[in-house]
Amino acid sequence: MKYGEIVEGRFLNRPNRFIAYVNVDGRTEKVHVKNTGRCKELLVEEGTVYLEKSGKPGRVTDYDLIAARKGERLINMDSNAPNKAVGEWLWKKELFPSLKSIRAEKTYKNSRFDFYVETEEDKVFLEVKGVTLERENGAYFPDAPSQRAVKHVEELIEAAGEGYKAYILFIIQMKGIDFFAPNVETHPAFAQVLRKAEKAGVEILAYDCRVTEDSMEVADLVPVRLGTEKRDAEDGEKPERGSHEALQGEPESGICKEEQKKTKSQGQHPYGLLEQIGEPLLKWYDSGRRILPWRENPQPYYVWLSEIMLQQTRVEAVKPYFDNFIANAPDIRALAKMEEDKLVKLWEGLGYYNRVRNLQKAAKIIMEEYGGTMPSEYENLIKLPGIGSYTAGAIASIAYGKPVPAVDGNVLRVLARLRLDGDDILAQKTKSRVEKELQEIIPSDRPGDFNQALMELGAMVCLPNGEPKCGECPWGTICQAHCLGKIAEYPKKKAKKARKIEEKTVLVIQDGEKAAFRKRPKKGLLAGMYEFPMLEGYRTEEEVLKELKHIGLKVLHIKPIGEAKHIFSHKEWHMAGYAVRVDELEEAEGAKGGQDWIFIDKDEARERYPIPSAYAAYAEYLDIKLGMVKN
């Protein structure tokens, strides 16, 4: 984030939380302090501070105090900066690679969290805490007791318990920090609730920032110390080795060092290491694999359906969709016969709707060419619509016991770290090479379990974004990235092309009972689904009223209902919405420009009509929850 005009000054005094006096070029300026915390260690007499010129006429103060120097270190102390910087940083997708949408200031129960994020896999609440207190190269929060901060953490714990992903991001408003820790001396209750949150599954992360006089941006991950190591040791437990230790660059143990030496001396890349993975992998899988409906009853149809659903979507999100789909289409015959709108409605919220259409196309071919029985051979499976090498390998190995590899992103990531494989995992040639390598070592007696174990390892332990649970990995002594402290450097990916940004204006138009929708074309993006009327570009309220008058609608009330973003694979929609109350929707029927609209009862839309998740923020305005989350 960038500021406007910046001037340097010398701090004089701070009579209250909001106002300070600063010497600027020999004159005393009364300035607004953009941080109500104590900041005593930053605001010292004659200390160097930085002010942003307001530019707003009529203000009592012409400047905002935004940063200060503490020795050689420049510290941003603007309490609004962390949220702005995080908002920009999230769209870089370093934390959430499959990010779809972001909403600021989302209400949950009695709290208003800083961000609500949706990815292809998760719904996420994210709370941001700015950190300005530094002691001996450590960063601490809070600098004063904050019951509000405790309450936010407690409600994040509740959200995590209800199936949401929950994150606390401590944004350290300076660079060169060794670690972050809660300020136990100032507020022990906050330290205690953070430990409770960690145990409840809330992700607690800290990042430092690149700070200049006129900018601040989120930079690097910083180790978090919650004081749990000593507590665990007192309980007789060995502390788990976390991602921050794995990033330090030293082999974990003497065993790890010896395995490295043996690997180098035997020249074990690529096949030697692969020959070692099967036994420990299957032993780990047998000891704690997840119980999943398609795994416990691996009939071909169930395996096929689950694998298509699981693409870009986490397991917990898929479970209710799978159960609901099977209840409505229990076999291939039922899938082949299902009416399209009902089929797409069952898929609502999973996204990538061509996948479900391809499911039905393939089901019809299976009925016509294979008598309703799914083919067992990889070569026949891969010919079916929507089935690539990964899905064909999964079905052949899991449902039919064929020794065929199933290589997806999880598998490529795991093996890249195992072997320090520097090839681009997004390249087809890399995937093809790995498939050939695994074909040589896949156990013929348990090919399905082997493939599922590799996927499970990637999904549960060898996580993306430099946050693996190396202490739980069955390959701890042979994984080269772990032993050399290079987890964060692998896998390698070629940067994707920037998505095209399209601006849209979404209109939620309703009378007393009905709302306006239109059905999208049968081909192309979101084909055949139902959307709100939409205008290209960002439109003003006056422009919207003019368009609606043109098609014969009598507008009673109009108000803006916020902005939203949605990410597709190749483009982004940046949307602004208006809620429009009209006298009679039917009056527009047949009028030019509105002739492709249909007017649907809101309850009927909720139950019968498939609406893309791109419109989730605006569907909520009609009390419509998309996908499997119902009212």
Side-chain angles (χ1 to χ4, degrees), residues 97 241-243 245-285 389-390 393-394 397 403-443 446-447 449-495:
R241 182 177 175 84
S243 60
E245 290 84 355
L247 293 170
Q248 298 306 308
E250 294 185 7
E252 184 182 51
S253 65
I255 295 174
C256 201
K257 290 177 181 177
E258 288 303 313
E259 288 293 339
Q260 280 182 258
K261 291 178 183 176
K262 185 167 71 174
T263 297
K264 290 178 181 177
S265 67
Q266 295 177 359
Q268 289 187 351
H269 180 73
Y271 293 107
L273 272 177
L274 289 183
E275 288 172 353
Q276 300 180 51
I277 68 174
E279 184 177 346
L281 178 67
L282 288 170
K283 184 177 180 181
W284 169 82
Y285 181 70
S389 62
Y390 163 75
S397 63
V404 183
V407 177
D408 68 351
N410 279 327
V411 174
L412 289 168
R413 179 175 64 256
V414 167
L415 296 182
R417 287 173 173 167
L418 172 74
R419 304 183 293 172
L420 296 183
D421 187 339
D423 287 349
D424 177 13
I425 66 166
L426 299 178
Q428 181 57 44
K429 65 179 182 179
T430 304
K431 182 178 180 182
S432 298
R433 171 176 59 79
V434 171
E435 287 172 341
K436 290 178 181 177
E437 292 168 356
L438 289 178
Q439 186 68 64
E440 298 294 322
I441 58 100
I442 189 169
R446 298 183 65 185
D449 286 345
F450 178 81
N451 282 334
Q452 289 182 96
L454 274 176
M455 298 176 219
E456 188 101 331
L457 189 64
M460 303 300 293
V461 174
C462 196
L463 304 176
N465 305 322
E467 300 238 20
K469 302 174 183 177
C470 294
E472 300 176 17
C473 180
W475 300 340
T477 60
I478 62 172
C479 174
Q480 300 300 286
H482 172 59
C483 289
L484 295 174
K486 294 185 176 182
I487 289 291
E489 299 177 30
Y490 292 87
K492 303 293 186 183
K493 295 181 183 179
K494 185 178 179 181

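Distance CE/M455 to OH/Y285: 9.0 Å, rounded to 0.5 Å. Taking CG of L282 as the start and CD of Q452 as the end, the distance is 10.5 Å to the nearest 0.5 Å. Rounded to the nearest 0.5 angstrom, I425 CD1 and Y490 OH are separated by 12.5 Å. Taking CG from L412 and CG from L426, the interatomic distance works out to 9.0 Å, rounded to the nearest 0.5 Å. The CD atom of Q439 sits 11.0 Å away from atom NZ of K436, with the distance rounded to the nearest 0.5 Å. Rounding to the nearest 0.5 Å gives a distance of 6.5 Å between CG of D423 and NZ of K429.
Residues I487 and P468 approach most closely at CG2-CG, 3.3 Å, considering heavy atoms. Across all non-hydrogen atoms, the minimal contact from G393 to A406 is C-CB, 3.9 Å. Between A416 and P491 the shortest heavy-atom distance is CB-CB, 3.8 Å. Between C479 and R417 the shortest heavy-atom distance is SG-O, 3.5 Å.
Partner of D421 under the side chain to side chain donor-acceptor pair (under 3.5 Å) criterion, out of R433, R413, K492: R433 alone.
Looking at heavy atoms from C-beta onward, V404 lies out of side-chain contact with I442 at the 4.5 angstrom threshold. Between V414 and V411 the shortest side-chain heavy-atom distance does not fall below 4.5 Å. Side-chain contact check for L457 versus P474: some heavy-atom pair is nearer than 4.5 Å. By the 4.5 Å heavy-atom criterion applied to side chains, E489 and L484 are not counted as neighbours. You'll find the side chain of I441 reaches within 4.5 Å of the side chain of F450, heavy atoms only. Counting heavy atoms from C-beta on, the side chains of H482 and W475 never come closer than 4.5 Å. At least one side-chain heavy atom of L418 sits under 4.5 Å from a side-chain heavy atom of L274. Side-chain contact between N451 and Y390: absent, with no pair of heavy atoms (C-beta onward) separated by less than 4.5 Å.
Using a distance-only test at 3.5 Å, with no hydrogens or angles considered, no donor-acceptor pair links the side chain of N410 to the main chain of C462. With K486 contributing its side chain and C483 its backbone, the two residues share no donor-acceptor pair below 3.5 Å. In this structure, Q480 contributes its side chain and I478 its backbone to a donor-acceptor pair below 3.5 Å.
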